[in-house]
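All remarks here apply to the structure that follows.
Only heavy atoms go into these numbers, but all of them, side chains included; no hydrogens, no water, no symmetry mates. All ligand and atom numbering here is 1-based and tracks the order in the structure.
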Amino acid sequence: MDDRLYALRRILYLVLMRNSSLVRRDLRVLWHPCTQMKDHEDLPPIPIRSGSGVWVEDFDGHRYIDAISSWWVNLFGHCNARINTAVASQLSSLEHVILAGFTHEPIIELSERLVATAPAGLGHCFYADSGSAAVEIAIKMSLHYWRNRGRPERTRFIGLGNGYHGETLGALSVSDVDLYRRTYEPLMPSHITVPSPDCYFREPGESCPDYSRRMFQHMHRALEQHADEVCAVIVEPLVQCAGGMRMYDPVYLQLLRKACDEHEVLLIADEIAVGFGRTGTMFACEQAGIRPDILCAGKGLTGGYLPLSVCLTTDEIYSAFYAGYAEQRAFLHSHSYTGNALACAAALATLDIFRDDDVLNHNRSLARHMAQAVAPLTGHPHVGEVRQTGMIVAIEMAKDGRGRKPYNWMERRGRTVYRYALEHGAILRPLGDVIYLMPPYVIQPDEIDRLAAIAAEGIDLASEA
Ligand code: PLP
């Protein structure tokens with residue numbers, strides 16, 4: 001055989017071998033998150049070699065559109081040139097330094113810009129390294145705030161049914177997605193859960209604002225009954241993402257802000273999934289015209305590059321901790337990597353892109369395109385609802401679409417769609433039987449069309465099974 005042909009075949013062989021050999025090595029030593037590892041017997045993990053824009057590529061050369069932004073973190077594509085440059089340049093001066101007793105320029109600038117970007121009045125930034133850690137901080141800070149204000153009996157939290165705030169114990173304790181919570185229940189304190197304003201359950205003919213308003217009665221009652229023992233209400237503004245991309249109307253947040261003020265209870269907005277333009281505005285709270293007392297952000301903060309999260313708080317909360325050392329009021333929470341300089345550089349580059357590229361406006365036209373692309377699925381006999389808030393589109397599969405009767409969860413219809421999508425070059429990891437598109441903001445209209453077609457074909461296939 002000709003030497004060159006042999007070399008070419010050898011290279012091809014090595015390349016082709018790499019997915020399977022990496023999978024073998026992976027399964028020997030790794031334990032993946034949110035995964036029943038036995039599922040990998042028939043659907044192995046996919047080793048990714050590279051990413052570019054909305055695409056990632058495996059070691060066998062298959063390409064996939066990252067339709068879910070790698071768990072909702074990626075905003076401006078994989079290997080974004082501007083964020084790459086910012087991180088590389090930061091790398092040459094400072095990678096990390098302890099944030100207690102020391103500071104650095106990227107974190108100062110980031111804090112200034114976040115304070116200027118977030119709803120007015122959130123004047124201080126406290127950092128962590130994951131969304132869950134930010135929620136832990138918000139919980140501890142709220143409790144400590146009331147203690148410092150002479151109200152130590154306030155120790156409970158109110159959360160929404162179907163809410164999700166992360167999976168560390170504190171965050172899980174204010175969450176209500178049974179799948180994640182059930183087993184660990186004995187480890188958690190009892191907080192108060194009120195029914196969600198999730199508009200999927202509105203009556204036929206009832207509008208989403210009316211339903212959200214009606215469901216607020218539950219929150220109203222909970223606050224009337226429990227305000228004296230409650231530190232804060234925590235909500236995911238507008239979209240309960242992990243709970244199935246369930247959506248509700250901004251009017252609920254307006255009523256909530258008013259009621260929290262009346263009862264002197266803090267309001268925590270968990271914008272970890274919905275912040276940074278995902279719902280159409282920079283922060284979802286803006287659509288209700290409200291300012292929470294604590295705003296948690298993470299995920300897209302670094303454009304999906306590095307773990308960084310933040311709690312923005314009011315000056316009033318900050319001041320309640322500011323005192324002479326002997327008063328022992330200081331907030332006590334620390335993570336080793338708090339305020340990592342590389343992560344801050346990625347976050348600053350991300351904010352630069354928002355500033356320079358008119359991202360929110362561009363997203364509005366992408367969102368319109370997404371709506372058109374999935375519109376044919378409305379009325380599908382096995383689709384209960386197609387819903388959208390900004391750059392999130394969700395398609396809820398149902399046994400009886402019109403009656404919204406769900407499939408038996410054990411049938412795992414969503415997984416059939418997931419598998420179909422992978423075979424056709426898209427990552428459409430569902431939430432149960434909810435298929436959703438939550439792509440990076442650099443997606444092109446033709447890529448949206450392609451995703452919508454794959455989702456529709458996958459849903460047809462899954463409903464036949
Ligand atoms: N809060 C919300 C609303 C989330 O959607 C998530 C994660 O999906 C979290 C908190 C937890 O964030 P992390 O996974 O970074 O800990």
In sequence, state the C-alpha distance, the side-chain angles, and the governing distance for D58 and H62, and then conclude on side chain to side chain donor-acceptor pair (under 3.5 Å). CA-CA 5 Å; D58 72 14; H62 300 127; 3.2 Å; yes
Per-residue contact class, Y164 against ligand 1 - non-hydrogen pairs under 4.0 Å: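 Both backbone and side chain.
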Pick one of side chain, backbone, both or neither for how K299 approaches ligand 1, counting any non-hydrogen atom pair under 4.0 Å. side chain
Using heavy atoms and a 4.0 Å limit, tell me yes or no: is W71 in contact with ligand 1? no
For [X], the ligand 1 atoms whose distance to one of its heavy atoms is below 4.0 Å:
X    : value
D270 : 1 (N), 2 (C), 3 (C), 10 (C)
A273 : 5 (O)
S132 : 11 (C), 12 (O), 13 (P), 16 (O)

How about C208 and C199: are their SG atoms under 2.5 Å apart?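 Answer is yes: C199 pairs with C208 in a disulfide.
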Test item: side-chain donor near acceptor, N84 and Y305, under 3.5 Å: yes
CA sep, side-chain torsions, deciding dist, call: N74, S70, side chain to side chain donor-acceptor pair (under 3.5 Å): CA-CA 6 Å; N74 192 295; S70 283; over 6 Å; no
May I ask you to say whether D198 pairs ionically with R387, meaning some side-chain N is under 4.0 Å from a carboxylate O?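 Looking at R387 together with D198, the answer is no, because their closest N to O distance does not fall below 4.0 Å.
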Identify the protein heavy atom lying closest to atom 15 (O) of ligand 1, giving its residue, its atom name and the separation to 0.1 Å. G131 N, 2.8 Å
Can you establish whether the number of heavy atoms outside Y337 located under 6.0 Å from its atom OH is more than 12? no
